[in-house]
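Right, one structure below, let's go through it.
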2 protein chains.
Amino acid sequence: MKTIARLFKALSDETRLRILSLLLYEELCVCDIMAVLQLPQSTVSRHLAYLKNAGWLDDRRCGVWMYYSIVDSGNSLQKSLLESLRENLSGLEMAVADRERLCGFSQHNRCA
Amino acid sequence: MKTIARLFKALSDETRLRILSLLLYEELCVCDIMAVLQLPQSTVSRHLAYLKNAGWLDDRRCGVWMYYSIVDSGNSLQKSLLESLRENLSGLEMAVADRERLCGFSQHNRCA
DNA sequence: ATAATATATCCGCATATCCGCTTATAATCA
DNA sequence: TGATTATAAGCGGATATGCGGATATATTAT
């Protein structure tokens, strides 16, 4: 029960929901997320660490860049919740705005 | 986004998950929940209020008794999450133990 | 009205959580 | 090696959250 509560706790913050909402579609690095969300590096980094420690994200380093993605190997509750998030977050105003901002960046100056 | 975070926050506590797990099956009153979870009245009452304020529960008074149940009229995320909880909580050791304790009470001394 | 029962709310306490700035660490290049 | 870039982690501050005991409120019976 406590581990389930922990999974939900990771989702109970707006910034973290925004991050997860972006990562539903593709792997991203910290600087992309920073740019899109327009948040300080330390804030983004802390939230990414929280999501990773809670079991939602994997990370990999590529040179100076750290890429984060949603775990492949989640349990059935996680899979179920991700499906719920996909269906319910994608239409939200803020999520749409974030994704549009990401598209803008992908055409111009992304880190990789 | 904030309201979604709030829905998840309501689920990010073990006691509240246990309460919700019981209410997945039937409406219960505060004293039933207290007895099953073996928690003080103020603790149970506070958590029920939190779940209600977050949009997960309805309440109705019947004499001195307050009955709580899961909302019928939740949004699609809520419906989706409840489905996930149904599938994933019911087999958990603690949830099973709680339900068994509830069955024991239902055959002997329940408030109603 | 008083007493009893059920429950909501208050209270103080301890801990957790979020924030952004600062510092430490990792990787790369000259 | 030192400098630069990217990112993790530390720090202090403000706020939120969980706890259980005490008190307030609601309902019912006498």
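Each chain gets a letter, A, B and so on, in the order its sequence line appears, and its residues count up from 1.
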Checklist entry - Rounding to a whole Å, what distance do you find between Asp32(A):CG and dA6(D):P? => result 11 Å
Checklist outcome for this item: Judged by nearest nucleotide, the residue sitting upstream toward the 5' end of DNA chain D, Thr43(A) or Lys9(A), is Thr43(A)
Next on the checklist: Distance check needed: dG18(D) P versus Arg18(B) CZ, whole Å only.
Outcome noted: 15 Å
Checklist outcome for this item: Atom CG of Asp13(B) and atom P of dT15(C) are separated, to the nearest Å, by 17 Å
Item to check | Out of dC18(C), dA8(C), dC19(D), whichever nucleotide has its closest atom nearest the side chain of Thr15(B) | outcome: dC19(D)
Next on the checklist: Rounded to whole Å, please give me the gap between CE in Met34(B) and P in dA6(C).
Outcome noted: 9 Å
Item to check | No-H, no-angle donor-acceptor pair, Gln41(B) side chain to dA8(C) base, under 3.5 Å | outcome: yes
Item to check | Rounded distance in Å - CG (Asp59(A)) to P (dA27(C)) | outcome: 12 Å
Item to check | Donor-acceptor side-chain pairing of Asn88(B) and Ser76(A) below 3.5 angstrom | outcome: yes
Checklist outcome for this item: Of the listed dG20(D), dG18(D), dT7(D), the closest approach to the His47(B) side chain comes from dG18(D)
Next on the checklist: Distance criterion of 3.5 Å, no angle test: do you see the side chain of Ser42(A) paired donor-to-acceptor with the base of dC21(C)?
Outcome noted: yes
Checklist entry - Between Leu39(B) (CG) and dG21(D) (P), how many Å, whole number? => result 11 Å
Next on the checklist: I'd like to check Tyr68(B) versus Val30(B) (side-chain heavy atoms, cut-off strictly below 4.5 Å). Are they in contact?
Outcome noted: yes
Next on the checklist: Tell me whether Arg99(A) forms a cation-pi arrangement with Tyr25(A), defined as NZ or CZ under 6.0 Å from the six-membered ring centre and within 45 degrees of its axis.
Outcome noted: yes
Next on the checklist: With a 4.0 Å cutoff (strictly under), does any side-chain N or O of Tyr68(A) reach OP1 or OP2 of dA8(D)?
Outcome noted: yes
Checklist entry - Starting at the 5' end of DNA chain D and moving along, which residue's nearest nucleotide shows up first, Val64(A) or Arg61(B)? => result Val64(A)
Item to check | Arg16(B) NZ/CZ over Tyr50(B) ring centroid, <6.0 Å and within 45° of normal | outcome: yes
Checklist entry - After noting the C-alpha distance and the side-chain angles of Met1(A) and Leu89(B), does the key distance pass the side-chain contact (heavy atoms from CB on, under 4.5 Å) rule? => result CA-CA 8 Å; Met1(A) 261 318 179; Leu89(B) 285 191; 4.0 Å; yes
Item to check | Candidate nucleotides dC18(C), dA6(D), dT7(C), ranked by approach to the side chain of Cys31(B) - the nearest | outcome: dT7(C)
Checklist entry - What is the nucleic acid contact for Arg46(A), judged by heavy atoms within less than 4.0 Å: base, sugar-phosphate only, or nothing? => result base
Checklist entry - Could you state the CZ-C1' distance from Arg16(A) to dC18(C), rounded to the nearest angstrom? => result 9 Å
Checklist entry - How long is the line joining CZ of Arg60(B) and P of dA6(C), in whole Å? => result 17 Å
